[in-house]
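For reference, the structure discussed in these notes is given below.
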Amino acid sequence: MTAAASPTPRRVAVLGSTGSIGTSTLDVAAALPGRIQVAGLVANSKWADLAEQCRKFRPRVAILTDKAAFDAADKSAFPPETALQFGDDAVCRLASSPDVDVVLSAVVGAAGLTGTWAALEAGKTVALANKETLVVGGSLVTELAARRNAKLLPVDSEHSAIFQALAGHTAADVDRVVLTASGGPFRGRTAAELEAVTPAEALKHPTWQMGPKITIDSATLMNKALEVIEARWLFGLRADQIDVIVHPESVVHSFVEYADGSVLAQLSPPDMRLPIQYALTYPDRVHGPTRRLNWRELSRFTFEQPDRGTFQCLDLGFEVAARGGTCGAVLNAANEAAVARFLTGQIRFPDIARCCRAVLDAHDFDPAPTLDALLRRDRWARQEVARWTPTQTSR
Ligand code: NDP
Ligand code: MG
């Protein structure tokens, strides 16, 4: 018997390397040096963190997208083999470079669309954490991936679970998928109680350690709304084939219900390093840094229906997944702007859902937009949120 040849390491560009998903990705890369080679790193402004990552992983390219941070960066903190570059054009060059096999897309927000688009256009495999890319432009992005024969592999834990449970099947075999939701820090609270919650309380997630924007999205359940839209595009499902169930333990990461009534799920502790690793080593399964489920500690799993009356963002997600067109770009931009206003104390927690609803309802709907039309709606929605004020009757 001869030993199996070791695989050639995949050359990975990490867009958003200094964030929560980015640092987890580098943990996986450090644990699997024979499988993953870090080819390039992208951050917005945290140049000192980026420099430290470069000293450890020695990529060919590192990019900052914030000009002031690029100018301020101590260039001598970067190793000589790493070229420090600036801006979105450099991100697109990296994402489409012949020296890159996989682009791990983990920039936060609609800003992630640029690099993801360039990678798909170049036919790269994209490991997609940046769900906003599919929320904003799902139809164009999936059409581009198909046209360029580019693989789009989910990193979001629920979508990775569905992808794993779908192995060997297609949407035609599936009746529906059920996304699990932790319920966030405010599960069980009443609408009246939510009026007074603070950014600090909303930033404390019970099961997942994540960046601030997605942590607020998890508290409003907008994260699950965005994931409904993400699932609609990734798996080619109708909105009425997608459901959400609250599962506070965050161990069962989603369910696929097949035509014959069988239900398949994927389970693991809440740790993003596992879905990241699966996307980077796909289709191989190898030992990695993620701890195992401890079967002695597990006693029961609980499930409950989401409170859609109190957490109104969820309805927005189902509505946008069903309507398509420009709705995703408007909802996503309105939410990003509203979360920023909540975090700076300008609006209350339930105002996030209220102003997203108002801006979505007021927008100029186009059922089959171009990329330019989507980006115009994105800018418009942000301006609308900036001038939105809560009315007395909305509270
Ligand atoms: P973080 O806020 O922790 O990190 C964001 C990263 O993006 C940072 O590296 C940041 O750089 C960089 N960045 C921000 N703006 C830009 C820009 N304009 N251009 C280039 N880079 C930019 O976010 P998360 O890691 O939590 O989330 C990243 C994405 O992954 C989101 O789309 C989120 O929805 C998704 N996701 C996250 C999960 C998680 O567990 N965190 C789970 C599932 C999905 P800098 O540090 O310099 O600001
Ligand atoms: Mg998720």
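Indexing begins at 1, ligand by ligand and atom by atom, following the structure's order. Residue indices begin at 1 and follow the sequence shown.
For ligand 1, the polar-atom distance check against Asn44 finds a nitrogen or oxygen pair separated by under 3.5 Å. Looking at Ser157 next to ligand 1, no N or O pair under 3.5 Å apart turns up. Checked against a 3.5 angstrom limit, the closest N/O atoms of Met272 and ligand 1 fall outside it. Polar contact with ligand 1: absent for Trp208 (N/O pair, distance under 3.5 Å). For the pair Gly19 and ligand 1, the shortest N or O to N or O distance falls below 3.5 Å. Residue contacts with ligand 1: Gly22 is placed with no nitrogen or oxygen under 3.5 Å of a nitrogen or oxygen of the ligand (distance criterion only).
With respect to atom 36 (N) of ligand 1, the closest heavy atom belonging to the protein is Ile214 CD1, 3.6 Å. Nearest non-hydrogen protein atom to atom 17 (C) of ligand 1 is Thr65 OG1, 3.6 Å.
The backbone N or O of Leu144 sits nowhere less than 3.5 Å from a side-chain atom of Glu121 that would complete a donor-acceptor pair. Although no hydrogens or angles enter the test, the distance criterion places no donor-acceptor pair under 3.5 Å between the side chain of Thr310 and the main chain of Asp307.
Residue-ligand proximity: Gly112 is placed with every non-hydrogen atom at 4.0 Å or more from ligand 1. Within the 4.0 Å heavy-atom cutoff, Lys131 counts among the residues contacting ligand 1.
Thr116 and Ser105 share a side-chain donor-acceptor pair at under 3.5 Å. Residues Glu227 and Asn223 bring a donor and an acceptor atom of their side chains to less than 3.5 Å of each other.
The aromatic rings of His159 and Phe235 lie parallel to each other, with less than 30° between the two planes, well short of the 60° mark.
Looking only at N/O/S atoms, Glu158 comes nearest to the Mg ion (ligand 2) through OE1.
Residue-level proximity to ligand 1 for Glu132 is carried by the side chain, the only part with a heavy atom below 4.0 angstrom.
In summary, Arg341 and Glu384 do not engage in a salt bridge, as defined by a charged side-chain N under 4.0 Å from a carboxylate O.
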